[in-house]
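Worksheet: one structure, shown below.
Starting from 1, each residue takes its place in the sequence as its number. Read the numbers this way: they start at 1 and go in the same order the structure lists the ligands and their atoms.
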Amino acid sequence: MSMEDYDFLFKIVLIGNAGVGKTCLVRRFTQGLFPPGQGATIGVDFMIKTVEINGEKVKLQIWDTAGQERFRSITQSYYRSANALILTYDITCEESFRCLPEWLREIEQYASNKVITVLVGNKIDLAERREVSQQRAEEFSEAQDMYYLETSAKESDNVEKLFLDLACRLIREA
Ligand code: GDP
Ligand code: MG
């Protein structure tokens, strides 16, 4: 006899330009660490973390891109069956914000129309180098009907909140 060790299972996929901190966010959340140096690629398809929300065991399968962030090299198979997408940019990198509409087009093309998308501005510990204001990002996310949060994978700011809030929303809409 086998018993499921969870009440819910959700697939969460991180997308966004290379270098914005996707791998570091996943590592921070799943392993509680900030990897030193460059090239933090996990080298596996996904990481698992089970969290408990209101007494329910929620298993999160978190998919990271291993250096294939260019548009259209991440294909349908990557988005398929994603329950949620974490669309990440770097608040110190204007270019990573300007690419967001490209990512949204990909989401529209490949992801389920029921997918929940969260916009994340990462690296808030580098506030003195900020290039994208919070207001701009809020306006953009509201216009696209996305939930928006700023994080620091380095300082562990809002990283738990990001994944736990997302898990709560996924349960509510499951
Ligand atoms: P990815 O290409 O989106 O997976 O980005 P990585 O997770 O590999 O991070 C790219 C670079 O940004 C690495 O040098 C990280 O150390 C750095 N980085 C990631 N998150 C943060 C953060 O929150 N704050 C700071 N200061 N650096 C970060
Ligand atoms: Mg990476």
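Only the side chain of Leu126 comes within contact range of ligand 1, with a heavy atom under 4.0 Å; no backbone atom does. Residue contacts with ligand 1 for Val20 involve both N, CA, C or O and side-chain atoms from C-beta outward (heavy atoms, distance under 4.0 Å). Heavy atoms of Leu25 found under 4.0 angstrom from ligand 1: none, in either backbone or side chain.
Residue Cys24 has at least one nitrogen or oxygen atom sitting less than 3.5 Å from a nitrogen or oxygen atom of ligand 1, judged on distance alone. Below 3.5 Å of separation, one finds no N or O of Phe34 facing any N or O of ligand 1. Of the polar atoms of Asn122, at least one N or O is found under 3.5 Å from an N or O of ligand 1, judged by distance alone. Checked by distance only, ligand 1 and Lys22 come closer than 3.5 Å through their nitrogen or oxygen atoms. Below 3.5 Å of separation, one finds an N or O of Gly21 facing an N or O of ligand 1.
Remark: side-chain polar atoms of Arg130 are not paired, donor with acceptor, to backbone N or O of Ile124 under 3.5 angstrom.
Partner Phe10 forms a side-chain contact (heavy atoms from CB on, under 4.5 Å) with one of Leu166, Ile171, Ile116 and no other, that one being Ile171.
The aromatic rings of Tyr79 and Tyr110 sit parallel to each other, their planes meeting at less than 30°, with 60° as the upper class boundary.
Within 6.0 Å of the CZ atom in Arg129, the count of heavy atoms belonging to other residues, nucleotides or ligands does not exceed 12.
Taking the ring centre of Phe29 as origin, the terminal cationic atom of Lys49 falls inside the region bounded by 6.0 Å and 45° from the ring axis.
Taking every non-hydrogen atom of Thr23 and a distance limit under 4.0 Å, the qualifying atoms of ligand 1 come out as 4 (O), 7 (O). Heavy-atom proximity to Ala18, at under 4.0 Å, picks out these atoms of ligand 1: 2 (O). If you number the atoms of ligand 1 from 1 as listed, the ones under 4.0 Å from a heavy atom of Ser152 come out as 23 (O).
Salt bridge status for Glu108 with Arg105: absent, with no side-chain N to carboxylate O gap under 4.0 Å. With respect to the salt-bridge test (charged N to carboxylate O, under 4.0 angstrom), the residues Arg136 and Glu139 do not qualify.
Among Arg28, Lys123, Glu155, Lys154, the residue whose heavy atom lies nearest to atom 18 (N) of ligand 1 is Lys123.
Residues Val13 and Ala82 approach most closely at CG2-CB, 3.7 Å, considering heavy atoms.
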